Every structure is written in C-alpha cells, then in structure tokens.
Amino acid sequence: ILISRYMWVAAAAPLAFAQLVAVVVAATPPDWCTGVAAPIPGRTTALARHPVVTGAAEDGRVRITWGVQAKLAPAKSATGIVEWGVSGDASSYSRNATAENLPLMWENYDDTPLIKRMTRFSAWLEDVPAAQSICYRVKLDGKELVGGLSFGSNPRATTPAASAASYPVKFIAFGDFGIGEENRWNRSADQPWFNPTNAEAQVRNVMRSSGKFNDSDFMLALGDDGYFKGEPHEYDQRTFPYYYREWSVMPLFITAGNHDYGHNKGQSYLDAFPQREQQTPTVDARDAGRYYSARWGGLHISAIDTEWGQFDSSTDANSRMATWFDKDLAAAAASPEVHWIIVIMHKTPFNLGNIPGDGDGGPQIHSTLLPIMMKHKVDLLMGGHWHNLQRYPPIGSNGSLISIVSGGGGYAVGGETWDACLLDGHDEPLATGGVTPALVSHSHHFLHWEFQSRCNASMVAIDTTGKEIDRLNLNKC
C-alpha cells in the first residue's frame, strides 16, 4: 500500500531534558505535514544527522533516530522530541527521545577532527496505525529542528484476509553503496562534500527519476553501508549526504557488511541504523539489532548478520543466530498470514567468488544458514559483497529459492578496480555450488520489487542510465 510522500522543513534549534513517555499534545490537525527541504548537516547547523525511520515492523512500533552537535545539545541536558500524527487526523502525539553521546562524526583531509562528538536521539513511536501516512517533526528543546516529514506505516496484517488485502507491496533493494567521497569537506558550504556525479549519487538519482522511489513502501540495504571501516565519520560523510532525504520518509530495513565491521565490532553501524530489539522469537541480548525479522503484509523479511560471528568474543554468536534463524523461519512458514519469505544477508552462499572456507563467511553461510533456508522454503535471498548484479536460477529440489547478489550501489563494479569482485574478462564461477548464474552484469544498479499477490511477484534491475538491465517474473502458485 503506497502512501504519498511529503517535503521537508528545517528550523534553528537550542536545548533541555526528557523522559520516555507518550502524551497527547493537541486536538488540532497536524501542521507539520508540509514544508521545504532541510539542509545537509554541517558545522554551522545544529542538525548533525537527519532522522532515519527504522524498525517499522508488524507490532506497530517505529523508531526515529537523529543526531545533533553535542556542543549544542549535551546528552545530559538536551530534550529531543518526535511529534507525529496521521495525515488528516485531528489527533497528534509526542514521544520523548533517549539521548546518547556518540564519538567523532566528521574528519578533514588530514584526518583532523572537525566536530568531535554528537548527541544521538532515538524515539520509539508506539501503536502507529496500520497503512497510514504518518507525518512527523523532530524538536530540540521545544523548537522544531526538522519537520514536514512523512512515511507510510506497516499494514500490520494480523489475519489471512488482511494479509491478502495488503498487496501490492513494493520495495527497493541495493548493497555496497556507502562510498561517498573520502574525507572530503566542502569548505564553501561548510558541510561534507557531496559529489552529484559519482556512482552512489547516480544510483540514488535514478531511484528518484525512474519513479521507483515514490513507488515503494520501504528500502532494503544489503550491507557495506559505510566504507571502509564503518567508522562514525564514514557514515556521515559517505552515506547520509546521499540518502538522508530517502531514509527520513521511507522505512529502512538494513543488514551489515564486512566494511561495517572494521571499527568497534560494528557498533557505529548499530548506532546509525538501530533496528528491532524486541520480537518473537527473542534475539539474544548480546546480539540485539544485529539480526532481526519483520513482516510487511504477506511478506516476512529476515535480516541476517554474516559478520558478527567473527568478532563476538563468546564464540557462539553464529550458533545463537542460527538457532534464532531456524525458529524465525519456522514460524513464518507456519503462519497463514505469510505468503513470501525473504532473507537478506551481505554474503550469500551463491556468488562468483566466495570460496567456502576462505575466511570470508563461507563455512557458516554454506553449511549452516543455507540448509535452514532450504528447509523452510525461503522464496528470495538477496545480498551484496560482490560489486555487480548476479541472478541465479531457482535453486533446490523444489526450485523454490531465488538468489540474487546486488552489490552495485556505488562502490567500483567489476572491471573498474584491482580489488573489484570480478576483474573484466575473468568471470570465473569459484563457489556457486554448481549453479551457473542466469545473469551477470557489471553495472551500478538497484532492484525494484513488486509483490502483486500471494502468488505473483516481479523484479526489475535499473542501471545509472535508467536502463532496465534485468527483469524477473515469479509465479509460485
């Protein structure tokens, strides 16, 4: 179910403190549903990181997370609030945010800090109505910081009839995109350098110009979301300047890649993109936010972390995740409300280059996660890691699993650099499990999926010229 999108508004901001409570604010129609575009954060703006909409699952909870310069909003004394309501409804609500002081955001050419810390605010909206246009604004110490934002809420299909009525469901998927510009600062604008001609910007621009962004309910990001180590300043300089508008008005479901784990065991990734932490089956507290699932209408989406097991000191993170994954998919497969099971993970078992046992996630992915997916008849698996498009024919004895690598979101694609996944003219299937790809394209791109019913779905891959480079139609009935 598609909801019309709104524009953005920005205002200056000062500072104060808060508790986690939800209260009715006013019985007047929300006045923050329209506005003008907010600026890219910079040293002279209070806003350090635009709001991101995550955790928009079937439980009616939605998480809004944003950042403010710590010197303007100390975590111990500043009050962050999200005010929200349904478009056209007379009721409006307020949700106070928890505040947390986070490390370095931006660096200059010579790696000297420009701004050392920011205060991250995060608020859970509760009991969000199903399938509505939700308008919201973010306030700092009583003054509007960003407004005029809206997103389409989860349809929360809790009965077979509601699930059947939730179609069509549409989304964008892409991976390996957080490349931006390496530590570049636009001194004239006093903000991170935004290059409108690089591949990351081109992919984003075509999402807009093709109409696919406005024709989507949510986004799936497939890992390597902030190159090269997943440090705080890398997300703020290389990722958010390109997608800050999109992620403030469209729910984001995301998974981590190897480049998100090069710093502090992926903690900066979790800070930037916090996901669900409460759900059934329960995720171990040590793993909160690293893997999770959500339902959107008749679709069940499981997000798996292929990197955490290499860094967790308890050594059993992979087994904890595998146990949860098996229970999660079993529940989805048994549910009459679920028609399609989708899994996203950065490194997938079928690709041109990932050798089982090579230390690149192979053993866990091939020997543990793949059998679980086949057991529960997963319909669609998507990942990245390899910087191109690879689509495989139906896999398994029942031919139910479609596996796609979509790693063309911005980093150099095969043939452009020495460390690209496939060097031009050397396309050797190293570890595809004996399955030959139906298509390989060394192109920057994104995927747009449309699930029309419990039986039918279609996908189109679009490159940076707007050209359709692949199309797939599924009929599982």
Side-chain angles (χ1 to χ4, degrees), residues 55 57 175 220-225 230 253-271 273-295 300-335 338 341-351 354-385 395-396 400-401 403 405 431 433:
L220 299 181
L222 307 176
D224 281 0
D225 314 301
F253 301 102
I254 192 169
T255 191
N258 52 296
H259 283 286
D260 298 300
Y261 266 85
H263 172 74
N264 198 21
K265 299 181 180 180
Q267 186 59 48
S268 296
Y269 156 83
L270 295 176
D271 292 337
F273 308 108
Q275 290 288 342
R276 297 185 75 181
E277 296 176 355
Q278 302 176 15
Q279 65 178 102
T280 303
T282 303
V283 172
D284 190 286
R286 291 169 289 182
D287 308 330
R290 298 184 189 271
Y291 52 89
Y292 60 93
S293 65
R295 294 186 186 179
H300 180 93
I301 303 162
S302 294
I304 292 299
D305 190 326
T306 56
E307 313 306 311
W308 176 225
Q310 303 174 55
F311 295 91
D312 177 56
S313 59
S314 68
T315 72
D316 65 344
N318 281 340
S319 63
R320 294 196 303 266
M321 183 173 68
T323 299
W324 172 87
F325 191 37
D326 190 26
K327 292 179 180 179
D328 182 66
L329 293 190
S335 172
V338 174
I341 300 178
I342 299 170
V343 174
I344 61 173
M345 58 175 67
H346 185 58
K347 297 170 183 171
T348 61
F350 301 100
N351 59 72
N354 188 16
I355 305 173
D358 68 352
D360 207 14
Q364 163 75 352
I365 296 168
H366 287 81
S367 64
T368 305
L369 300 182
L370 179 58
I372 293 173
M373 289 187 281
M374 302 308 295
K375 171 184 174 183
H376 298 296
K377 298 182 180 179
V378 168
D379 297 291
L380 173 62
L381 168 64
M382 290 183 291
H385 193 51
I395 297 165
S400 63
L401 177 63
S403 182
V405 173

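Because only heavy atoms are used, hydrogens play no part in the values below, and waters and symmetry mates are left out as well, while side chains stay in. It should be emphasised that the depicted structure is a prediction, and the values quoted were computed from it without experimental measurement.
Remark: the backbone N or O of I304 is paired with a side-chain donor or acceptor of T255 at under 3.5 angstrom. In this structure, the side chain of D379 does not engage the main chain of I342 through any donor-acceptor pair within 3.5 Å.
Between I372 and L329, some side-chain heavy-atom pair lies under the 4.5 Å cut-off. Residues Y269 and D225 form a side-chain contact, since some pair of their non-hydrogen atoms from C-beta on lies under 4.5 Å apart. Side-chain contact between F325 and H376: absent, with no pair of heavy atoms (C-beta onward) separated by less than 4.5 Å. Looking at heavy atoms from C-beta onward, K377 lies out of side-chain contact with I341 at the 4.5 angstrom threshold. Contact check for R295 versus V338: side-chain heavy atoms found under the 4.5 Å cut-off.
In this view, S268 and P232, Y235, H263 satisfy the side-chain contact (heavy atoms from CB on, under 4.5 Å) rule, not counting sequence neighbours. Scanning for side-chain contact (heavy atoms from CB on, under 4.5 Å) contacts around A57 gives D59, R276, A294, with sequence neighbours left out. Remark: K375 engages D326 in a side-chain contact (heavy atoms from CB on, under 4.5 Å) (not counting sequence neighbours). Partners of N264 under the side chain to side chain donor-acceptor pair (under 3.5 Å) rule, at least two apart in sequence or in another chain, do not exist in this structure. For D328, the side chain to side chain donor-acceptor pair (under 3.5 Å) criterion is met by S293, H300, S302, not counting sequence neighbours. Partners of T323 under the side-chain contact (heavy atoms from CB on, under 4.5 Å) rule, at least two apart in sequence or in another chain, are K327. For Y292, the side chain to side chain donor-acceptor pair (under 3.5 Å) test picks out no residue, with sequence neighbours left out.
Residues D224 and H346 have side chains that bring a donor and an acceptor to within less than 3.5 angstrom of each other.
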Self-check item: Derivation of the side-chain contact (heavy atoms from CB on, under 4.5 Å) call for V405 and H385
Solution: CA-CA 8 Å; V405 173; H385 193 51; over 6 Å; no
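Salt bridge status for K347 with E307: present, with a side-chain N to carboxylate O gap under 4.0 Å.
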